[in-house]
Structures are given as structure tokens and as C-alpha cells.
Amino acid sequence: MTAGIAILLAGGMTNQISMAQSLLVPPAGPIVSPSVDPVARAMAAKALAEADALSITKTTIVGTDIAGTPAVANASGTVGDSPMQVNGTDPDNTGYLGFRYGADPAGVANYWVKTRGTKMNDYAAVQQGDRIVADYWQAGTGGQTGHAGGIMVLVDNAAFTAGEVAGRWALFTGTGIHSSQVSQQYPKRFGSLNAIVANSYQQVIFPGGATGATPKPSANFGGWVVIGAGAASPGFGPLKFTSAGAALLSVPEGGAFEVDAAAKPYFTMADGVRRSVVLADTAAPTVQVLAGAGPDASATIDASGMSGMVTLVTGRGASAGSIFAITYAHPYASASYPVVSAANPAAVALVKTAYLSARADGFTLNLSSGISPGTYVVTFQAPGR
């Protein structure tokens, strides 16, 4: 049996503990409370408050909260009040490069500023063709790096209004070959060519080719365009015109492809004459036998779009009047102008006595006198507008 001792507790109760346990009992003495560091307590309280906050607490971005560094909670402004600036009047290499952040309803915004100022914070006017910013993307090729692409923003027009400047945006891609292109607007770059250039008119050029043209500032664009497959979502396509509010050019221009508010397409040739584009309809029209063909007549049609062939078989009782009607799958906007021709010997007599009643959605063949029983084959063409 393990040896033990009896300890008298308050109220006359005793408790039995083992000798081994009694060795762990600290010596008798006053209980000392641990001291509390007020700084640590404050830091812990702040950490708990931030952890429970509904939004992330914004912290200082640059330096401390001192004059000239507005990067404190919820603030916005120029970081460092012009951290990078190269003074001079060069169109590309010098000027003011400012990085700006914003904390406002528009979201965080970055600003790169180009000026021809010769001193700090001098906003001297830029000129047409000045390069504002270039972002080059490169990739390792083994012993060095090669151009994979990049973007560039330029001044597109010398006319400035209330501080607003017409701008141009360019995307260039790597070619995989050693090539260069030199101009004021597009400085020397090796292994890259312009892929997309958008000007201040919001016109876009896809230069393409190994010797893509360099469009001049403040100029209308033109170029070859290769368009891929459309998206799977409704409202998208390989090439889509917005017809709502669309209007044709007041003066036709050679090479222009346009649509009007009805989405009807037009193309203007070099002679300056705008011509509507004829779109072939492949949906089949239908035929209906009418009373003039007789009570036991029948008709079949072999057609596509606005042209085809009708075979009419008549019996007794064919008389003057309407003998069959054609209805287009897709009617014209205003009118159609059908022409009917005989396609077998019997139909020659029918065509001689026939006349047409044309509509925007089809036409009716009428006879001025009766015809003999037989099989009549006619063809038709029906252009319209």
C-alpha cells in the first residue's frame, strides 16, 4: 500500500494524497499575480479589433504619415510627389513620369504622365507623336532575352482641349526573327511588329505582314483584317455591326463597307458609288395551287431562295384566273420583281397568256384564258428590294 499523509481541510474534511504527489506541491507562500504589459495589451486589442472589422484596414504605403506623403488610410494622391522625373524636351526619352494611386469610387487607378517640362513638376505641352509610356515584354532565349511583345501609348493629335489629349494605343508582338522598325512614333525595336493600333477616332488597324505600314498620328486607318470564329454567347459573332442607330456615310467613300439601321449591307467601290450587297437566300419558297388551275390540279416546286422551278399538272376545268402562288421564305422589305420562263414545250402557251401579280413576299401567276389539261414546267427569278 502506498504511503500517504492526511491533510486537514477547511470544514474538518481530510484528503488523502500519495507521497509521490506530495513531492510536487510547491512550498507554502503568497500567490503572486503576473504583471501586465499595457503596450502588449493595447496591441492585442487592436489586432482583435482589426480581425473583426468588416473591411481590411488600410496601412501606410510610402514612409510614415508625414507631410508630402499622402499614402495613409483612405487617402489618394501622387506617391512621393513625382518619384521619377527626367527633365527635357525629347519626344520619347525625357519628361515627367508620375505614378499615381487612387482610393475612390472609381477604384485604384495608376497614372503615367508625359510632359516636355525642363524642370521638376513642369507640365509643358507635349506634341503630336510623343511617346507617353512603353511596356516591353521579353522572354529568355538562352544566353539573352528576346522580345515577346508589349504595349505603347502615344499622343495622337496636337489639338488639346481643357487638358484632354487625343491618344493612340498600340500592341506589338514578337516575331521570332531579328527585325527592326524605326520612326518617331514607333522607336527601334528588335524582333517585334505592330499587331493592333487604335487611334483617337477609336478606329483600329491590324497591320499584319512583315512590313506592316506605320499609320501617321491623327490619321484614319485602314488595313487587312483576319477575324476568327465568333463566341458561343448570343450577341457575338466573327464580325458584327450594331444596327441600332446606324447611319450611312453622308458622302460615300471608296472601300467602305457599311450597314444601315435595318442592318442592310452596302459597299462603295473606288468610283465612289455606294451599292447594296445582295445576300443570297437559301431557304426554299413554297407553292400553292389556286382555283384557276382546276379542281384536280397539283403543283410541286424545286427552288432555293428567290429562284426555282414549278411543275404544274392540270386536269379538266382549268380556266382564266389565278393558277398558283409562290411565297418566299423571307420576304423583301418593299417589293419583288419576278420573271417567269417556259421550261418545257407545253409551258410556252401558258407563258404567252400568263401575267404576274408581284408582292414583297411572293407573286401569283394568272391566266387571261383557259389552258388544256397537261404538265407545265416554268422557271422563275425574283430579285427585289
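Here, residue 1 is the first one in the sequence, and each next residue gets the next number. Since the structure is predicted, the reported quantities are computational estimates derived from the model, not experimental observations.
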Non-hydrogen side-chain atoms of [X] and [Y] separated by less than 4.5 Å:
X      : Y      : result
Val310 : Val377 : no
Ile323 : Asn366 : no
Val155 : Ile132 : yes
Phe380 : Val339 : no
Pro338 : Gln381 : no
Gln127 : Arg116 : yes

Can you see which heavy atom on Lys114 is nearest to which on Val126, and at what distance?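 Nearest pair, atom of Lys114 first, then Val126: O-CG1, 3.3 Å.
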Can you name the closest pair of heavy atoms from Thr141 and Gly146 and give their distance?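 Heavy atoms of Thr141 and Gly146 come nearest at CG2-N, 3.6 Å.
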For side chain to side chain contact (heavy atoms under 4.5 Å, CB included), just list the numbers for Ile326 and Ile301, CA-CA rounded to whole Å, side-chain angles, deciding distance to a tenth of an Å, and then say yes or no. CA-CA 9 Å; Ile326 298 293; Ile301 187 171; 3.7 Å; yes
Between [X] and [Y]: side-chain donor-acceptor atoms closer than 3.5 Å:
X      : Y      : value
Ser369 : Thr353 : yes
Asn344 : Tyr376 : no
Arg385 : Tyr337 : yes

Partners passing ring-ring contact (aromatic ring centres under 6.0 Å, His included) against Phe324 (at least two apart in sequence or in another chain):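 Residues passing ring-ring contact (aromatic ring centres under 6.0 Å, His included) with Phe324: none at all.
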For the pair Met152 and Tyr136, evaluate side chain to side chain contact (heavy atoms under 4.5 Å, CB included) and give the outcome as yes or no after the intermediate values. CA-CA 8 Å; Met152 190 174 296; Tyr136 296 98; 3.9 Å; yes
For side chain to side chain contact (heavy atoms under 4.5 Å, CB included), just list the numbers for Ile371 and Leu350, CA-CA rounded to whole Å, side-chain angles, deciding distance to a tenth of an Å, and then say yes or no. CA-CA 7 Å; Ile371 56 174; Leu350 182 147; 3.9 Å; yes
Kindly determine whether Ile151 and Trp137 satisfy side chain to side chain contact (heavy atoms under 4.5 Å, CB included), including the steps that lead there. CA-CA 8 Å; Ile151 57 174; Trp137 308 324; 3.6 Å; yes
Test: side chain to side chain donor-acceptor pair (under 3.5 Å). Region: residues 279-306. Which pairs qualify, not counting sequence neighbours?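 Every side chain to side chain donor-acceptor pair (under 3.5 Å) pair that includes a residue of residues 279-306, provided the two are not neighbours, is Asp281-His330.
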For the residue pair Phe363 and Tyr328, categorise the inter-ring angle as parallel (less than 30°), tilted (30 to 60°) or perpendicular (more than 60°).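 Tilted.
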Only counting residues at least two apart or in another chain, list the ones meeting side chain to side chain donor-acceptor pair (under 3.5 Å) with Ser372.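 Side chain to side chain donor-acceptor pair (under 3.5 Å) list for Ser372, sorted by chain: empty.
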